[in-house]
Structures are given as structure tokens and as C-alpha cells.
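The next block holds one structure in the form of C-alpha cells; read it before the comments.
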Amino acid sequence: MNATATVPLIEAAGLSISFNGSAVLSSVDFDVVAGEVHALVGENGAGKSSLMKMLGGLYTPDSGTIRVRGVPTRLASVNDAIDAGIAVIHQELNLVDTLSAVDNIFLGKEPRTRWGFPDRRAMRTAARNVLGQLGFRASPDALVGALRVGEKQLVEIAKSLVAEARVLIMDEPTSALSDAETHALLTLTRQLRERGMGIVLISHRLGEVFAVADRVTVLRDGRRISTLPVAQVESSTALVSMMIGKDFAPPERGADEAPRARSTSVEVRDLSLWGPSRAMVRDVSFSVRAGEVFGLSGLLGAGKTEVLEAIYGISAYRQEGVIAIAGRHRSFRSPNEAAESGLAFVTEDRKKDGLVLDQSLEANFVLPSLPRVPGFPFYRRRRLCGWAAEQARASRVKHRSVAQSANSLSGGNQQKLIIGKWLMTKPRILLLDEPTRGVDVAAKAEIYRQILDAARSGVTVLIASSEIDELTLLCDRILVLCEGRAKQIVPRSDFSGDLLINLASP
Ligand SMILES: Nc1ncnc2c1ncn2[C@@H]1O[C@H](COP(=O)(O)OP(=O)(O)OP(=O)(O)O)[C@@H](O)[C@H]1O
Ligand SMILES: [Mg+2]
């Protein structure tokens, strides 16, 4: 090994930062060397994103030093970080919805023709090439606003690849990706490592950490617990124990818990959803009993979200077929109508329609429940505040006070807040789309417990997820969709990862 190879690309020492007087990171050391994948793990709110925002020039540390290839460097802005060769793909995506994928990828660094005009042809070719490597299937000319979350994430990844960064920091890049896309991204990550890039991977999917990382750093409550080679970590259970500081086991649906005699709660018959050029969903039929946990499985774009949207009455597509709720034909014209009939919908895109980010936790918690408060619109604010505080505790949202704003919570805690606020409305039918995306293992267990408790009390649960482990843990039956069509409904006794993956493939 020569001398330059041993100098880390980035070396941070003693980084501390606090917000509103409370310490978020306390004297953390962290380094990245060329040709390695360094995983960063920890519970929601442990400080992972904050640490990376300091390396990306978004947050200024209160104390500590950052060296870039041995040279002490002040990263006072995002441009400083880019100049230092550091690219960060943030957890909450940062794309311009009104521009195409190609334009987003080259925003601010368009290649020019000989005459000084943006070279659109070169841009399209390069964009197509990178997006192709990532398994991006939509058109590179599509407006980013029209893409689904998983596709947007691929555009973000393409963008930083084109910027030719030496250090690539990915904050939960795979949380919105399907298994196939995740696999493609991990393969790409290995290739970038071979080219000598230093990669930081933040992920709650510990399988990924074991699959690609060379070293792992564990953060807990803003402190570094350990940095060690992945080969020295005994098991994922051992890693989880380091993260949460104790042992734990996730809850699981029992084999005999599926309701037998209960009435049909949701029935979907011959549902087709027509987009402008093709059917997004075609002839899908199934029925779900009250108190059942029913899963929707399939690759990105298989139609899981579209089916849930149709049931909730917010589908953007022309609809054929019948949807019946508790035996009555229904076609809701607004989310309010659906909510009045006892439906709640936790959508996949929390940035877009999950939370009012600049409002308090309290406001977010009680908002959907307000119409059901006895005596509404006359109620006592103190009482609401108490309910919100109670739900915040039950959902284990890590917070200082219910008066703090939703955007000051870490990503995973925002997701717990969204599920909690819908559970507060006491729905009879709970629709969940990717409910634990970006949620840490312990918090995931907490959300699973809440979902299973709701089902045991008679709530009908429909859950769409790209994580097969999640579905097999929770569901009584799973419907596998492939390119908009129903492949098969698998009962709990037949669950196996291989079967579900095979059924989902075209
Ligand atoms: N701009 C901010 N203002 C106030 N508090 C903040 C801010 N940014 C982060 N925090 C707080 O710092 C703590 C760490 O947050 P951070 O987002 O770094 O966690 P994380 O480890 O990335 O969690 P997750 O896995 O949920 O993404 C949280 O308690 C969060 O509320
Ligand atoms: Mg984070």
C-alpha cells in the first residue's frame, strides 16, 4: 500500500452539533478511505443524517475538524462539499419536479456544444446510459414530478454518478427500491468501490450492510458506539444490540390468527385501471375479511399502490370493476368520504402527502381525528394535547415536546407519526403503502405491533410492501401482482420468500 492510499478521503474528528440546546452529535469520529464501503447504522434519530449533512456542507459543526485527503477543510456550503469531491444523496429527495429526469441529472452542469449551447444529445445519451445501468424503466424525458418515489431515487443516484464524486454518501438509497433495483444498486456500489471511490451507505436494512460494506460504524443517541470491519460482526442480531443497547425480538402474526367467520370487509371485483396508453391494473379480484391482514406484493410498478388508491377513491386512472366496502358498492369521490366510511390510508410518499411538515406534532397527530372529536368544532385544546402526547408515546416517536415541528423529527420518526395519527382516527379499514420505509429495526417492531393489535381488534388491514420479509411476518394472505395482473393469492401456510419472488417476476 502506498502512502496516499492510507490517507482517508475524509477524516472527521470530534464532530459535535446541537439544535435548540439539545446535543444531536457528541464528539463523533468518522472516516472514509478510497475503495471501501463504510456503512453507518443506528436507530431513527441517532444522528446519521446529521453527521452526513456536516460532511455535505449543509450543517456546520459546533466543534471538531474535517480533513479532506489530509487537508483541514471548512465545508460551509454544498458547493464547498462538491468542490471537495463529496456528493450526498439525501434521505428526503431533492429533485425539481417540473424538470425531466435528464435535466435534473445535469442541472447546473450541462455539457456544452462547440457553440456554447447545452448539448442535449450528449446529455440524453449519458443520462440514458447511467439510468440504464440502474435499471430505470421510465422515460428519461418524463417530468420527475410524474415519477414514483423509487424512480425518483434512481434519478438522484444517477445525478451524483454524473458529478463524478470521489466520496459518495447515500442516505438510505434503497429504502424506496424494489428487490431487483436494490440488487442492481448494490452491484453498482461494488463497481464504484473497485474504481477507488469511498462510499458511505446509511441503511436500516442490515442485510445490505453485510452484503456490501467493508466497515460499519454504529451510532446511538449521537455517540459513536463502535467502528469495526463487517467481517468481525457476528450477526445482525449483534449489530441490532449495539444499535439499541439491548436485545430484542420482532412480533409476528400467529399461524392461527386469521379470522374465519367474520364478514367480508373489502371486496374488489374485476378491477381495471386505465392509464393514457395502457392498463396499470387489469382484472384484479380479491376479498378481505374483517380483522384480516392482507398483503399486496410485487415489483415496483406492479400495481400495488394503484389498487390501494382505487379503494380509497383517489385513483388518477379510469376505473372499471366493482369495489365494495362492508357489502356495499362504493366509489369514493374524496378522501373525506373514504374517511367517513372508516378508511385510513398511509401513503408511500411522506414528503408529498403524509405530514404538514411545518406544523407541530400535536397538530399533525390530531388533524385527521378532529371531525370525530365529541362536540367538534368545540373542544378543549388541553385535552387534544393530552391525546397527542399519549399517541406519541404509544407510537414511540422520539421527540422533545408535542409542540416541536414535524420537520425537526428524523425520517423514521416522521413515519411513526404518520401511522400513529391514522391509528388515532380508529379506522375500520387501514390501507398501508410501504409503512416502514426508512424505519429502524426497533421502531419497525413497534409499528408491526400496532398493526397486529389493530387487526386483533377487528380492523381490516391491507398492506402493500416491497419487503417480502415484512409481508410474511404480518399477513394472513398475500396477493402477488405482476405488471398489473393478479398472479396468485398465497395463504400463510404456503409463505416462502422464493415462491413470492418467483410469482412477482414477469
Ligand atoms: N434541523 C434540525 N432541527 C432540529 N432538530 C434536528 C434537526 N436536524 C436533526 N435534528 C434532530 O437530531 C436528531 C438526529 O436526527 P437525524 O436525522 O440525524 O437522525 P437519523 O439517525 O438520520 O435518523 P433516521 O434513521 O430516522 O433517518 C433527531 O432527534 C432530530 O430531531
Ligand atoms: Mg436519517
Side-chain angles (χ1 to χ4, degrees), residues 134-135 137 148 150 153-154 173-190 203-213 230 233-237 239-240 249-258 281-286 288 292-308 348 432-437 439 441 444-445 447-448 451-452 455 461-506:
L134 293 171
R137 274 190 263 143
R148 303 212 78 98
Q153 202 131 13
L154 292 180
T174 62
S175 59
L177 303 186
S178 68
D179 286 347
E181 287 164 334
T182 299
H183 185 79
L185 178 67
L186 296 183
T187 305
L188 193 65
T189 304
R190 292 191 190 93
S203 181
H204 289 295
R205 297 179 172 177
L206 300 182
E208 287 171 17
V209 172
F210 286 99
V212 293
V230 170
V233 182
E234 272 171 36
S235 62
S236 83
T237 321
L239 201 52
V240 172
E252 185 170 5
R253 182 81 160 164
D256 53 354
E257 286 195 84
V281 166
R282 195 75 202 267
D283 297 329
V284 168
S285 300
F286 60 89
V288 186
E292 189 174 19
V293 184
F294 189 81
L296 297 168
S297 181
L299 303 176
L300 192 75
K304 309 186 292 286
T305 299
E306 287 76 5
V307 169
L308 293 183
E348 65 174 333
L432 302 161
D433 197 1
E434 305 288 355
T436 64
R437 168 177 301 156
V439 173
V441 258
K444 232 180 207 177
I447 289 175
Y448 293 164
I451 293 172
L452 293 177
V461 181
L462 271 75
I463 167 172
S465 175
S466 49
E467 283 189 49
I468 286 179
D469 292 348
E470 174 160 292
L471 293 176
T472 54
L473 206 64
L474 294 175
C475 298
D476 299 315
R477 291 182 300 151
I478 298 173
L479 165 66
V480 184
L481 292 166
C482 176
E483 297 178 339
R485 289 176 185 271
K487 269 285 201 52
Q488 195 174 317
I489 295 178
V490 185
R492 188 169 184 91
S493 52
D494 295 350
F495 285 178
S496 89
D498 287 346
L499 173 67
L500 294 166
I501 289 167
N502 283 339
L503 286 172
S505 320

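Every heavy atom of this structure was used, including side-chain atoms; hydrogens, water molecules and symmetry mates were not. Sequential numbering from 1 along the given sequence is applied to the chain's residues.
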How many angstroms lie between [atom1] in [X] and [atom2] in [Y], if you round to the nearest 0.5 Å?
{"X": "Arg437", "Y": "His204", "atom1": "CZ", "atom2": "NE2", "answer": "13.0 Å"}
{"X": "Leu296", "Y": "Thr305", "atom1": "CG", "atom2": "OG1", "answer": "9.0 Å"}
{"X": "Thr472", "Y": "Ile478", "atom1": "OG1", "atom2": "CD1", "answer": "6.0 Å"}
{"X": "Leu473", "Y": "Leu452", "atom1": "CG", "atom2": "CG", "answer": "7.5 Å"}
{"X": "Thr436", "Y": "Ile451", "atom1": "OG1", "atom2": "CD1", "answer": "7.5 Å"}
{"X": "Ser493", "Y": "Asp476", "atom1": "OG", "atom2": "CG", "answer": "11.0 Å"}

Side chains of [X] and [Y] in contact at under 4.5 Å (non-hydrogen atoms):
{"X": "Leu479", "Y": "Val284", "value": "yes"}
{"X": "His183", "Y": "Thr187", "value": "yes"}
{"X": "Glu470", "Y": "Tyr448", "value": "yes"}
{"X": "Val212", "Y": "Arg190", "value": "yes"}
{"X": "Leu471", "Y": "Phe495", "value": "no"}
{"X": "Ile463", "Y": "Cys475", "value": "yes"}

Please name the pair of heavy atoms, one in [X] and one in [Y], separated by the smallest distance, quoted to 0.1 Å.
{"X": "Ala213", "Y": "Val230", "result": "O-CG2, 3.5 Å"}
{"X": "Ile468", "Y": "Ser297", "result": "CG1-OG, 4.4 Å"}
{"X": "Pro251", "Y": "Ala445", "result": "CG-O, 3.5 Å"}
{"X": "Val281", "Y": "Gly303", "result": "CG2-O, 4.0 Å"}
{"X": "Ile489", "Y": "Arg477", "result": "CG2-NH1, 3.9 Å"}
{"X": "Ala504", "Y": "Gly298", "result": "CB-CA, 4.1 Å"}

Practice task
With sequence neighbours excluded, tell me which residues meet salt bridge (Lys or Arg N to Asp or Glu O under 4.0 Å) with Arg492.
Solution key: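 Per chain and number, Arg492 pairs via salt bridge (Lys or Arg N to Asp or Glu O under 4.0 Å) with Glu252.
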Fill in the blank from the handout: By salt bridge (Lys or Arg N to Asp or Glu O under 4.0 Å), Lys444 pairs with (sequence neighbours left out) Glu467
Sub-3.5 Å donor-acceptor pair from the side chain of [X] to the main-chain atoms of [Y], do we have one?
{"X": "Ser496", "Y": "Leu499", "value": "yes"}
{"X": "Lys487", "Y": "Ser505", "value": "yes"}
{"X": "Gln488", "Y": "Val480", "value": "no"}
{"X": "Lys304", "Y": "Leu481", "value": "no"}

Handout entry: Pair Thr182-Glu208, side-chain donor/acceptor within less than 3.5 Å
Key =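 No - no donor-acceptor pair under 3.5 Å links their side chains.
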